[in-house]
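Take a look at the structure below.
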Number of protein chains: 2
Amino acid sequence: MQLRTLEIFCEIARRRSFSKAAETHGVSQSAVSQAVHQLEQQLGVQLIDRSTRPLSLTSAGDTFHSGLVEILGRYHRLAEEVSSAGREMTGQLPIAAIYSIGLSYMPDAKEEFARLYPDVDVRTHYGSNEVVIKDVIAGHAELGLVSFPRSSKEIVAVAWQKEPIRLVCSPAHTLADKTEVKPKDLDGLEMVGFESSLELRQMIDSVLRRSGVRIDFQNEFDNADSIVRAIQVNESAGFLPEAVIRREAANGALRVVACRALSMTRPLGIIFRRSDRPSRAGYEFGSMLLGRPLEPDREKRSSGSHRKAATNPSLDNQTSIVA
Amino acid sequence: MQLRTLEIFCEIARRRSFSKAAETHGVSQSAVSQAVHQLEQQLGVQLIDRSTRPLSLTSAGDTFHSGLVEILGRYHRLAEEVSSAGREMTGQLPIAAIYSIGLSYMPDAKEEFARLYPDVDVRTHYGSNEVVIKDVIAGHAELGLVSFPRSSKEIVAVAWQKEPIRLVCSPAHTLADKTEVKPKDLDGLEMVGFESSLELRQMIDSVLRRSGVRIDFQNEFDNADSIVRAIQVNESAGFLPEAVIRREAANGALRVVACRALSMTRPLGIIFRRSDRPSRAGYEFGSMLLGRPLEPDREKRSSGSHRKAATNPSLDNQTSIVA
DNA sequence: TTTGAATTATAAGTTTTCCTAATGGTGTTT
DNA sequence: AAACACCATTAGGAAAACTTATAATTCAAA
C-alpha cells in the first residue's frame with residue numbers, strides 16, 4: 001500500500017472530487033481513479049459512493065477517512081521530527097526566483113532571514129519561470145519562486161500571493177494624461193507585450209478577449225525588463241506585473257493607468273521537490289515568506305453553503321479579475 | 001513512500017537484522033537494503049548504524065521506530081475495522097490443505113466451526129503442499145494448511161504447530177518387536193520414503209546424515225498414503241508424520257518404533273494471500289485453528305540476554321530435534 | 001594477522017507497478 | 001434532450017521495485 005494513495009483518498013474526501021484531488025497531487029485523474037479502486041479492492045469495501053454528484057463517502061469511507069487524517073498527521077509529525085535531526089540551520093540555501101520577484105521581494109526577505117538565521121548562506125539565482133522550475137527539479141535550488149505555480153509529480157506548489165498586473169505607458173503616450181480609462185478606450189491600440197507562449201500573456205489575451213478589446217502587440221519579449229525599455233523607447237504601452245514597474249512608476253519614467261474592468265492578477269507561488277522535503281532552512285525561509293507554515297495547498301471545504309463562486313472556477317488558481 | 005517499507009524497517013528494528021526481516025517479509029535481502037537506503041535518503045537521516053554487529057538503531061532510528069509501531073498499529077486496526085464492514089460471516093469459505101492435515105485435523109475443525117458459524121459453508125480441497133500453495137496464490141482457496149510454511153511476496157505464512165515424525169514399520173519387520181532403538185540399529189536398513197525433492201525428505205536425510213545413519217530408500221513416493229501401503233506390502237519401514245499413521249498405529253497395522261536421538265518434527269502452518277486479507281470467516285477459522293488471532297509471525301525479541309540458542313538458528317522455522 | 005563465516009552494499013537486468021493519454025459512460029444542468 | 005462535468009476503463013509506456021550475482025564489511029577464530 002502506497003502512502004500516497006492514502007493521502008489521495010483523504011484529499012478526495014476533503015474536496016469531494018477525484019479530479020481536484022488529482023490536480024493537487026500532480027497526477028492524472030485516471031491515476032487517482034485507479035488508486036482508489038485498488039484501495040477499495042484491498043480493503044474489500046466500497047469507500048466512495050459514485051452514484052451521486054458530488055460524490056459522497058460511504059460509512060466505511062467516512063470511518064476510514066477520519067482515522068487516516070489522524071494517522072497521516074501523526075506520521076508527518078514523526079517524519080518531520082526524525083528528519084529534522086539531520087537538518088541543521090547552517091550551510092547554503094540555494095533559491096531560484098523569477099526576475100520580478102527577485103527584484104521586488106527577495107532583497108528584503110534575505111535581509112530579514114539573515115537576521116533570524118545568520119548561519120545560513122542564502123544563494124539566489126534568477127531566471128525565467130521555466131528555468132526556475134528546472135532548477136528545482138534538478139535539485140540546484142531547494143525552493144523556487146514562480147508565477148502560475150502548479151504541482152506536478154516532481155513538484156509541490158504552494159500559493160503565495162496574487163500580484164496585480166498594471167497597465168502602464170510612456171509619459172509621452174496618449175493614455176499618459178488619463179488616470180482612469182475604459183476598456184473601449186484601449187481598442188485597437190499598439191502595445192508591447194510578452195511572448196504569446198508565456199502563461200501571463202495568455203491570461204492577458206483571454207481577459208482582453210472577454211472584454212472585447214483588441215490590442216495589437218507588435219513587439220513581444222520573453223522578459224519584463226525588455227518590455228519596460230521598449231515601452232520607454234517606443235513611447236508605447238503594455239501590461240506588466242506591479243513589482244516590475246514600481247520604481248519606474250515612482251520616479252515618473254512610466255505612468256500607471258487604471259482600468260478597473262481589466263484588473264488582473266497573476267498568482268505567485270513557492271515550489272519545492274516532492275521527493276525529498278526541503279531542509280530546515282528552506283522550510284523556514286518559505287514559511288517566513290508565506291507568513292504561515294510551508295505546506296501544500298489545501299482548499300478549505302465550503303462550509304455547508306452551496307453558492308457558487310462568482311469567478312470561473314476553472315481559473316481559480318490561475319488568474320482572477322479583481323472587481 | 002511504501003507502507004511496506006515502514007513495516008520492513010520496524011521488522012529490522014525488532015530483529016536487528018536486514019536478512020531476517022527480509023525473510024519474514026518474503027523478499028530478498030537486497031530489496032530490504034535498498035528500501036532502507038531509500039527511506040533514509042528521503043528522511044535525510046541515518047536510521048541504522050551498520051558499523052556494528054548486530055546492527056543498532058541511531059537515535060533518530062529509535063525515535064522513528066517507536067513512532068512507527070504506534071502508527072502502523074493504528075493503521076492496521078483501522079483497516080481491519082473498515083474492511084470488516086464488507087465481510088459477512090456467511091457464504092463459502094474455500095480452504096486448501098495437505099492430505100495429512102485434511103485427514104487428521106480438518107474434520108474436527110470443520111465441525112467446531114460449523115457450530116460457531118452455521119452460515120459459513122466451509123469447502124475443503126486436499127492436495128500436495130505445492131498444490132495448496134498454488135491454490136492460495138490463485139485465489140481458489142482463502143486459507144492454506146501446509147507443511148514447512150514460508151512467507152513469500154504473494155503469501156503470508158503463520159506457524160501453527162510442529163508435528164512429530166515417527167519411525168514406523170510393518171508388524172513383520174525386524175524392528176517391530178523393539179520399542180526403542182538406537183540410531184546405529186538403523187544403519188544400512190532399507191526403507192520406503194518420500195521423493196528426495198520434497199522438503200520433508202530433505203529434512204529427514206539431513207538428520208540421518210548428522211547421526212551417521214545410512215538408510216537405503218529404495219522406494220520413493222510423493223505422498224504419505226502410498227508410503228504407508230508400501231510399508232505394509234513390502235514389510236518395510238519408514239519415517240512418517242504422526243497424523244498419517246495414527247489410525248494404523250492404533251489398530252496394529254503399523255508399529256511405531258521410538259528412536260530418541262532421531263526425533264524430528266515438521267512445522268505446519270497456515271498461509272493466505274498477502275494482497276487481500278482473508279475474509280472475516282477465513283480469519284475466524286484460522287484463529288480457531290491457531291488458538292490465537294491469525295496474524296503474521298513475529299519473533300519475540302530476546303530480552304537482554306545474549307545467549308545463543310542451542311539449536312542451529314538457520315533451521316529454526318524449518319525443523320527441530322526434540323531432545 | 002589471516003582466514004572464514006555471516007552479513008550488508010552494490011550492480012545489472014528483469015518484473016511489476018504505476019501513470020498517462022485517449023475514450024466511453026453516467027449523473028447534472030440548462 | 002443536449003451539453004457539460006465528472007469518473008471508469010483500456011492499452012501502452014515510464015518508473016519503481018525486486019532478484020540474482022557479486023563485492024565489501026564486520027566479527028571471530030585460527
Side-chain angles (χ1 to χ4, degrees), chain A residues 1-9 11-13 15-23 25-42 46-58 61 137 151-155 274-276 306-309 312-316, chain B residues 1-9 11-13 15-23 25-42 46-57 61 137 151-155 274-276 306 308-309 312-316:
Chain A
M1 177 52 50
Q2 194 102 241
L3 211 53
R4 157 178 304 210
T5 302
L6 303 178
E7 307 260 14
I8 287 178
F9 171 73
E11 193 68 18
I12 292 173
R15 310 278 294 273
R16 304 218 167 279
S17 157
F18 280 55
S19 12
K20 299 248 180 63
E23 200 177 322
H25 279 265
V27 295
S28 67
Q29 169 265 318
S30 173
V32 168
S33 175
Q34 294 173 70
V36 172
H37 186 262
Q38 180 196 298
L39 180 59
E40 290 180 322
Q41 179 94 358
Q42 291 196 355
Q46 183 110 346
L47 296 173
I48 293 177
D49 178 9
R50 287 110 158 142
S51 72
T52 159
R53 266 190 208 151
L55 59 81
S56 59
L57 296 185
T58 63
I137 290 178
S151 288
S152 72
K153 203 160 50 155
E154 293 125 321
I155 277 187
R274 198 179 281 279
S275 54
D276 37 37
H306 278 209
R307 274 178 302 132
K308 277 207 171 177
N312 184 340
S314 75
L315 290 176
D316 259 6
Chain B
M1 176 53 47
Q2 195 100 242
L3 213 51
R4 158 177 303 208
T5 303
L6 303 179
E7 308 260 14
I8 287 178
F9 171 72
E11 193 67 18
I12 293 174
R15 309 278 295 273
R16 307 219 163 278
S17 157
F18 280 56
S19 9
K20 300 250 178 62
E23 201 176 321
H25 279 264
V27 296
S28 69
Q29 168 267 317
S30 173
V32 168
S33 176
Q34 293 173 66
V36 171
H37 187 262
Q38 181 196 292
L39 180 59
E40 291 180 323
Q41 180 94 1
Q42 291 197 357
Q46 183 109 346
L47 296 172
I48 293 176
D49 178 8
R50 286 108 158 141
S51 71
T52 156
R53 289 233 176 110
L55 59 80
S56 58
L57 297 184
I137 290 178
S151 287
S152 72
K153 204 161 50 155
E154 294 126 320
I155 277 187
R274 198 180 281 279
S275 53
D276 36 37
H306 279 208
K308 278 204 173 178
N312 184 340
S314 75
L315 289 176
D316 259 4

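Throughout, a chain's letter reflects where its sequence line sits, starting with A, and its residues are numbered from 1. Computed from heavy atoms alone, side chains included, the values below leave out hydrogens, waters and symmetry copies.
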Query raised in the report: Quick one: side-chain contact (heavy atoms from CB on, under 4.5 Å) partners of Gln41(B), sequence neighbours excluded?
Result: His37(B)
**Report entry** Length of the CD1-C1' vector between Ile48(A) and dG27(C), whole Å
**Finding:** 16 Å
Query raised in the report: For Glu11(A) and dC7(D), what is the distance between atoms CD and P respectively, to the nearest whole Å?
Result: 13 Å
Report task. Over all heavy atoms of both residues, which pair between Ala21(A) and Ile12(A) is shortest? Give the atoms and the distance, please. Result -> CB-CG1, 3.5 Å
Query raised in the report: How many Å lie between CZ on Arg274(B) and P on dA17(D), as a whole number?
Result: 17 Å
Query - Minimum heavy-atom distance between Val27(B) and Arg4(B), given as atom pair plus value - result: CG1-NH1, 3.6 Å
Query raised in the report: Do any N or O atoms from the side chain of Glu40(B) and from the backbone of Leu47(B) form a donor-acceptor pair under 3.5 angstrom?
Result: yes
Requested in this report: Please tell me which of Ile8(A) and Gln29(A) maps to the more 5' nucleotide of DNA chain C, matching each residue to the nucleotide holding its nearest heavy atom.
Outcome: Ile8(A)
Query raised in the report: Roughly, in whole Å, what's the span from CZ in Phe18(B) to C1' in dA24(D)?
Result: 15 Å
Query raised in the report: Is any side-chain N or O of Ser33(A) closer than 4.0 Å to OP1 or OP2 of dA8(D)?
Result: yes
**Report entry** Interatomic distance, Glu23(B) CD vs dT19(D) P [rounded to whole Å]
**Finding:** 13 Å
Query raised in the report: Ser19(A) side chain N/O closer than 4.0 Å to the phosphate oxygens (OP1, OP2) of dC7(D)?
Result: yes
Query raised in the report: To the nearest angstrom, how far is Glu154(B) atom CD from dT19(D) atom C1'?
Result: 13 Å
Query raised in the report: Is the shortest side-chain N/O distance from Ser28(B) to OP1 or OP2 of dC18(D) below 4.0 Å?
Result: no
Query raised in the report: Considering all heavy atoms of both residues, which atom of Ile155(A) and which atom of Arg274(A) are nearest to each other, and what is their separation?
Result: O-NH2, 3.3 Å
Requested in this report: Might you point out which heavy atoms bring Pro54(B) and Arg16(B) nearest each other, and give the distance in Å?
Outcome: CB-O, 3.9 Å
Requested in this report: Please report, rounded to the nearest Å, how far the P atom of dT8(C) is from the CD atom of Glu40(B).
Outcome: 13 Å
Requested in this report: Could you tell me the separation between the CG atom of Leu47(A) and the C1' atom of dC7(D), rounded to a whole number of Å?
Outcome: 16 Å
**Report entry** Evaluation steps, side-chain contact (heavy atoms from CB on, under 4.5 Å), between Glu11(B) and Val32(B)
**Finding:** CA-CA 10 Å; Glu11(B) 193 67 18; Val32(B) 168; over 6 Å; no
Requested in this report: Could you please spell out the steps behind the side-chain contact (heavy atoms from CB on, under 4.5 Å) verdict for Met1(B) and Leu39(B)?
Outcome: CA-CA 8 Å; Met1(B) 176 53 47; Leu39(B) 180 59; 3.8 Å; yes
Between the protein and nucleotides 12-18 of chain C, which nitrogen or oxygen pairs come in under 3.5 angstrom?
from: dC18(C); atom 1: OP2; to: Gln38(A); atom 2: OE1; distance (Å): 3.0

Pairs: protein N or O with nucleotides 25-29 of chain D N or O, under 3.5 Å:
from: dT25(D); atom 1: O2; to: Arg53(B); atom 2: NH2; distance (Å): 3.2
from: dT26(D); atom 1: O2; to: Arg53(B); atom 2: NH1; distance (Å): 2.7
from: dC27(D); atom 1: OP1; to: Arg53(B); atom 2: N; distance (Å): 3.0

**Report entry** Working for side-chain hydrogen bond (donor to acceptor under 3.5 Å, both in side chains), residues Gln34(A) and Ser30(A)
**Finding:** CA-CA 6 Å; Gln34(A) 294 173 70; Ser30(A) 173; 2.9 Å; yes
